[in-house]
Structure formats: structure tokens, C-alpha cells
Amino acid sequence: MAKSASPSSVPRRRSRPRAASPTRAPSGVPCSARRRAKRSSFASPPAISPTRSSASASRGAVAMDWADELAQQAVGPQVVNDSKTPSGTVHVGSLRGPVILDVITRALRAQGVRTTLLYGVDDLDPMDAQALLTPDAIDREMGRPLAHVPDPAGDCHASYARHFAGIFIDVFAGLGINPDRYYWMSDIYPTGAMDPYIRLALDRAPLVREIYRRVANVQHPKTWHPIGVICPTCGKVGTTIVSKWDGERVYYECRADLVTWARGCGSSGWISPFGGAAKLPWNLEWAAQWSHFGVTIEPGGKDLSTAGGSRDRSDAIAREVFEREPPLNVPYEFLNIGGRKMSTSKGRGAAAHSIAEVIPPEQLRFLFLRPRPNQAIEFDPEGTDAIPRLFDEFDRFAAATAGREVKGELTPGFEATFRYALLDPEADVAAEAAAFRPAFAHLALLLQIPGVDVAARVEAEKGSPLTAHERGILDRRVAAARAWLDGYAPDTARLTVRHDALPDAAGALETEQRRFLAGLSTAAKAASPAGGDAWQTLIFAAAAAQELPARRAFEAIYLAFLGRPNGPRAGWLLASLDASSVLVRLDEAAGVAVAGAAEGGAS
RNA sequence: GGGCCGGUAGCUCAGCGGCAGAGCACGGGACUUUUAAUCCCUUGGUCGUGGGUUCGAAUCCCACCCGGCUCGCCA
């Protein structure tokens with residue numbers, strides 16, 4: 001397993017840098033926080049060490065997926081955490097992190113490890129995107145904490161932050177991700193819970209500056225202090241800078257030109273940074289969250305997990321400033337759409353809610369959790385069969401989990417992958433695996449034939465009535481297939497009956513096929529077939545009369561009506577069309593045969 | 001410039017020291033009623049390149065090439 005994911009925190013732990021002045025936790029830290037920190041450091045990174053899984057584990061009887069492998073290393077209770085700035089809508093790619101969090105949590109619990117899943121909303125972060133603000137609001141709101149910016153939608157939410165956080169919380173819930181607790185930094189700071197960390201950060205400001213310089217090559221001025229005061233005059237947090245700390249108060253300035261995206265009011269003065277009057281800069285806030293909540297595992301996207309990046313800085317701050325081993329990092333790669341980064345501005349990678357129309361939650365979870373986290377996912381849903389294949393793979397995993405024989409190879413731990421893809425962690429896995437799932441591509445086809453009773457066809461395929469649960473699966477898939485045909489399917493998957501004229505491709509009809517079409521036309525005029533069954537019978541009869549193999553007979557029909565050599569069940573297709581125009585087309589196609597043959601013979 | 005991931009069949013990927021694999025696509029066949037379903041068979045390869053280690057390398061080591069993302073503001 002030499003190549004197994006080896007979260008970067010492992011080697012780094014060995015060369016753990018020591019703080020210049022290794023002091024004990026300061027007396028200012030309340031007992032509760034201190035105890036929490038102590039207990040968690042006991043149960044944290046040293047207690048869980050991935051990689052190492054080693055030859056013996058992989059050769060063992062039980063094939064595991066990555067989440068189980070990771071969970072197996074855990075010792076003691078775990079706290080899994082992530083947090084997010086609620087600055088806008090969520091796009092699909094950003095759901096990989098939450099899915100990974102959830103799967104890790106489920107894997108831990110499956111091994112009997114007591115696990116808490118937390119999700120933080122960093123809603124004191126400054127507003128820095130003006131896209132959703134009205135022009136007159138930009139000057140006023142940019143730079144204020146998101147929790148203090150009014151809801152742009154004007155719907156019953158208390159703030160911009162609550163509005164957008166509400167959206168992603170809903171999306172998470174729809175994906176079966178239900179953290180034990182959502183915490184809001186705008187709630188945490190006023191309780192004073194962050195005060196001990198604020199005090200530590202300020203007391204050790206030189207150390208913090210040194211860490212930024214050493215780890216990230218970021219040079220702050222000598223007077224820079226790691227705290228962001230919320231300006232008591234204009235309410236902005238993005239525009240203030242602190243240059244002095246006297247042990248109880250800081251000296252702040254709200255500068256007009258500190259940042260380009262927001263304008264400060266110019267006020268300044270001494271103020272207490274405690275109790276919600278100020279917030280820690282991101283890297284410190286992150287480390288403070290780890291200590292406060294006793295976080296032991298926190299996956300991070302590659303944007304954070306890069307060398308010298310945010311995660312490195314926060315790790316160093318956790319160790320040296322707050323004196324706690326940082327949580328285990330599970331770095332994860334992103335989702336690329338069509339080989340490129342997804343980007344809403346370029347129309348790629350749609351917002352989460354729009355992709356959800358085409359990919360139901362369980363398939364979306366499956367997409368995210370099947371590859372190891374450190375592997376980028378290439379997904380190109382537009383104009384490809386990527387979505388049908390995603391369903392097929394999911395169905396294959398389901399079938400294998402149900403003990404049915406399955407074509408091809410299966411990745412190790414496929415049962416776990418299937419189980420974790422399910423929406424409900426308490427689901428009856430065996431029953432879910434055994435449920436009948438109609439093939440996505442087949443549904444997409446049936447949907448395009450007018451007059452087909454899809455549910456009846458699916459029941460016929462299954463051979464027995466659908467259960468209520470299977471009916472639900474079918475309904476979701478039908479909706480997804482419709483959306484797929486609407487916006488994603490390649491032309492080859494779309495079916496269009498040429499009503500106007502004989503398709504060009506019909507020129508390829510051979511003499512026997514044309515004779516068959518003529519015969520079918522004659523028979524149809526006599527019998528006036530009423531339904532798909534009747535047409536189907538007629539087709540076989542006409543083919544037999546011409547001694548034409550059924551395959552070639554069907555091909556003739558498809559060429560005449562669709563301009564392609566194959567198609568949906570022909571009887572039902574013809575039955576769905578206007579009867580007289582069907583006859584006209586049959587004659588037309590058969591007639592062209594004569595003309596074409598004549599020309600061919602002449603030359 | 002630093003970091004991460006990848007480069008194996010047309011596509012998506014598995015394999016990670018012991019005969020180069022799967023799914024899909026393609027090609028062929030079967031099927032008197034599921035005809036874009038289902039079943040069977042076949043084709044398909046310079047495992048990115050060059051060195052090294054080894055009895056043996058897609059696999060381990062070194063160097064390089066290519067692609068993508070990411071960081072060096074802020075969060």
C-alpha cells in the first residue's frame with residue numbers, strides 16, 4: 001500500500017517544530033476549555049494514523065474502502081469538523097468535502113467509535129463579493145461581517161449569511177448529510193468562548209508573525225496583530241488593522257484604503273477585542289475552532305492543503321500558539337468538469353441544485369466517494385454518457401452487494417461504497433441493494449416514445465409489481481432522465497421522428513428491405529393495427545413473409561422513420577404516430593426503393 | 001517559482017514487484033415478439049520518455065516531458 005493516501009500531517013508530525021518559548025497553557029484558559037483541549041489532544045492525531053494500513057491489512061480477509069481504512073486507525077472518540085464561509089451559492093464541486101466528512105463519520109460509527117460531526121458557519125467573515133448587492137449597498141455593506149449584512153433576497157432570513165448558509169444546509173440535508181450541530185461564529189464569539197484564544201494570539205503576536213513568515217513566506221509589519229476588530233463606527237471588519245495590545249485593549253484603525261474591495265471609515269481608538277467585538281483572522285480562527293471543539297479530523301480541499309497554504313499555517317498556529325496538535329487532515333482533490341475546473345461564470349459545473357435535477361443524491365454521493373479523496377474526479381456530463389454510466393456503475397455495485405453476479409471487476413470495498421452512498425445511514429442495506437433499479441439509459445429511451453406506460457414496462461422487466469420503494473426509485477430516475485434529455489444528453493441518445501420527409505439515410509435501404517416495407521404497408525392497410533402489440537405482430541409477420549431476418553426488418557423501419565439503423569421498440573413507435581402518415585411514409589420508403597434501384601441499374 | 005494529482009485499449013478507469021485487465025464504445029453473432037433490451041464471441045496496448053535497482057518493473061528509485069488543478073492577497 002505504498003501509494004495509499006498518506007495525509008500530509010503524518011510525516012510533518014515527526015519534524016514538529018517547537019515553539020520558541022515552550023510555555024504551558026496560560027492560566028487565562030478556562031478550565032472547561034482546557035480540559036476539552038487536553039482530552040482531545042489525547043484522542044487526536046496521535047490516535048489516528050492513516051497510511052500504515054500496510055500489506056497485512058490489504059492482504060487481509062476484508063477488503064475495505066478508503067473510509068473504513070481510515071476509520072480503522074481511530075482510537076478514542078472523534079470529532080469531525082469543517083466550516084464554510086456563507087458567501088454565495090454552492091456549486092457541485094464544493095459538495096465533495098461535506099460528502100467526505102459524512103462518509104468518514106459513518107465509517108467511524110460503523111466501527112463503534114463515538115463520533116461527533118460538526119459544521120461551522122464562518123459568518124463573521126467580511127462580505128467581499130458585491131455581485132449580489134445593489135449599487136447603493138456596496139459601499140455600505142462591503143467589508144462588514146456576513147452575519148450583519150441584510151438578506152439580499154429580502155425573505156425572512158436575519159442576514160446575508162443566514163440566507164446563504166440556509167441554502168447549503170438544505171443541500172447537505174438533501175444529500176443525507178446531517179451534522180450533529182451547526183455552529184455559527186457570530187453566536188460563538190459573543191459567548192466569550194473565543195476570548196482565551198484571542199488573548200493568546202495577541203500575547204504571542206510576534207510568534208504569529210514569525211509563523212506566517214516561516215511557513216507561508218508572508219511578511220506582516222512589526223506592528224501587525226492577529227485580530228480583526230469590527231469597527232464600532234461603521235461596522236466593517238475587513239477594513240480594520242490593529243497595531244497595539246496593552247493586555248486588555250487593542251488600538252485599531254479603520255482604514256479607507258486597507259483593502260481595495262471595501263472602504264473603511266477612518267475611525268480609530270482603543271477597544272476591548274473580547275466578547276464579539278473582534279474576530280480572529282482566518283488561520284487563527286480555524287486553529288481556535290480545533291481547540292474549542294476538540295476537533296480530531298478535518299478534511300481540507302486542495303486549495304487549503306497545499307504546501308505553505310492555509311492548512312500549514314493553521315497547523316503551525318495550533319501547535320505553537322494554542323499548543324494543541326492539529327486534527328488529522330484528509331486532503332481531497334476537486335471535481336473537474338470536462339477536464340477543467342468548474343466555473344459558474346463559464347457555465348461549467350452548475351450550481352448544486354441544478355445538477356441535483358439530473359443526479360439524484362445517492363448517485364451524487366457515489367460519484368464523490370468512490371475514488372480516494374486525493375484523486376481528482378473527471379466528470380463531463382454534457383453531451384456524453386457520463387451520467388447514464390454513473391447510474392450503471394451504481395447499479396452494478398448494488399447488484400454485487402445483493403450477492404448477484406456482476407460483470408467485470410469490482411473495486412475492493414464495494415459493499416461499503418454502496419452502503420455509504422445511501423442517503424439514510426440507518427438504511428437496510430440488503431433491502432436497498434436488492435431493490436429493482438431500471439437502467440437509466442433504457443428509461444431515457446422509453447421516455448421518448450409517446451404513449452409508453454413506463455411504469456408498466458419497468459414492471460414487466462422486473463417480472464413482478466414494484467414495491468413502493470422501487471416506485472420511488474423509478475420516479476426519481478424518470479425525473480432525472482427527463483432532465484438529462486433536456487440539457488445533457490448527446491444527440492445519439494435523442495430520438496427524433498422525421499415527420500417532414502423521408503430521412504436521407506433511407507437511401508441506404510436495400511431492395512429486400514423496401515419490399516418488406518411495401519408488404520408491411522399493405523398488411524397495415526388491411527389490418528389497421530391499433531396498438532404497439534398489433535404493429536409488432538404485423539412487423540414480424542411481414543418480415544417472415546419476405547423471409548427477411550427480423551433484425552433487417554427493424555432496421556428498415558428505423559431508417560425510414562428515424563434516419564438511423566436502430567431505435568426503440570418499433571411497434572410502439574409506429575403506434576404512437578399518426579396512422580395515415582405512417583402508411584404514407586412506408587409507401588414512400590418502399591417507392592424510393594424502386595427509383596433508387598432504377599438509377600443504380602442505369603449507371 | 002512551490003505543492004498536489006494524473007499520463008495503462010477509442011473513452012472512463014482498476015492493477016502498484018510475478019502471464020497487461022474491466023466497464024462502456026466498436027466489430028461479429030444469437031434472439032418468432034423486452035430489437036438502443038437481453039445473451040455470446042471478437043478486436044483493440046511502445047503501461048508518457050530515458051536511465052537505474054531486480055532473476056523479474058506498468059508497479060520500486062532517479063531525471064525529464066506532457067496535462068490539470070492549487071498556493072505564493074483575503075477568507
Listed nucleotide nearest any side-chain atom of [X], set [options]:
X	options	result
W261(A)	A37(B), C74(B), A75(B)	C74(B)
A307(A)	U34(B), G3(B), C69(B)	G3(B)
H220(A)	G3(B), A37(B), C74(B)	C74(B)
D125(A)	A75(B), C69(B), A37(B)	A75(B)
K302(A)	U33(B), C4(B), U34(B)	C4(B)

Are the aromatic ring centres of F418(A) and F414(A) under 6.0 angstrom apart? no

Using the [atom1] atoms only, state how far [M] lies from [N], rounded to an integer number of Å.
N	M	atom1	result
G6(B)	C62(B)	P	15 Å
G51(B)	G67(B)	C1'	23 Å
C31(B)	U38(B)	C1'	9 Å
A22(B)	G3(B)	P	38 Å
C24(B)	A63(B)	C1'	37 Å
C74(B)	U70(B)	C1'	16 Å
C73(B)	G10(B)	C1'	44 Å
G17(B)	C47(B)	C1'	15 Å

Length of the line joining [X]:[atom1] and [N]:[atom2], which is rounded to integer Å:
X	N	atom1	atom2	answer
Q219(A)	G72(B)	CD	P	16 Å
F554(A)	A37(B)	CZ	C1'	12 Å
E333(A)	G6(B)	CD	P	8 Å
L280(A)	C74(B)	CG	P	15 Å
R144(A)	C74(B)	CZ	P	23 Å
E555(A)	G29(B)	CD	P	11 Å
L335(A)	G6(B)	CG	P	16 Å
R372(A)	C16(B)	CZ	P	11 Å

Aromatic ring pairing W224(A)/H220(A), orientation class (parallel under 30°, perpendicular over 60°, tilted between): parallel

Between W282(A) and W286(A), how do the two ring planes meet: parallel, tilted or perpendicular, split at 30° and 60°? parallel

In terms of side-chain heavy atoms, does [X] have a donor or acceptor partner in [Y] at a distance below 3.5 Å?
X	Y	answer
Y197(A)	Q289(A)	no
Y420(A)	D68(A)	yes
Y182(A)	D187(A)	no

Cation over ring face, K279(A) and Y189(A), 6.0 Å, 45°: no

Classify [X] by what it touches in the nucleic acid, base, sugar-phosphate, or nothing, heavy-atom distance under 4.0 Å.
X	value
D303(A)	sugar-phosphate
Q375(A)	sugar-phosphate
S310(A)	base

Starting at the 5' end of RNA chain B and moving along, which residue's nearest nucleotide shows up first, P281(A) or A216(A)? A216(A)

Using Watson-Crick or G-U wobble geometry with both distances below 3.5 Å, tell me the partner of C4(B), or none. G68(B)

Suppose we define a pair by two distances each less than 3.5 Å, Watson-Crick or G-U wobble; what does G21(B) pair with here? C13(B)

Check this for me: R263(A), atom CZ, are more than 12 non-hydrogen atoms of other residues, nucleotides or ligands nearer than 6.0 Å? no

State plainly whether the residues R372(A) and E69(A) are in salt-bridge range, i.e. N to O under 4.0 Å. yes

Is the base of U33(B) stacked against the aromatic ring of F540(A), taking ring centres under 5.5 Å apart and planes under 30° as the test? yes

Counting only side-chain N and O atoms of R313(A), is one of them less than 4.0 Å from OP1 or OP2 of G72(B)? yes

Return no unless some side-chain N or O of Q536(A) is found under 4.0 Å from OP1 or OP2 of A37(B). no

What residue among F379(A), F391(A), F397(A) forms ring-ring contact (aromatic ring centres under 6.0 Å, His included) with F366(A)? F397(A)

Nucleotides 20-25 of chain B: which of its N/O atoms have a protein N/O under 3.5 Å away?
unit_1, atom_1, unit_2, atom_2, d
G21(B), O2', E409(A), OE2, 2.5
A22(B), O4', E409(A), OE2, 3.4
A22(B), O2', E409(A), N, 3.1
C24(B), OP1, K407(A), NZ, 3.3

With a 3.5 Å cut-off and heavy atoms only, can you find an N or O donor on one side and an acceptor on the other between the side chain of T306(A) and the base of G2(B)? yes

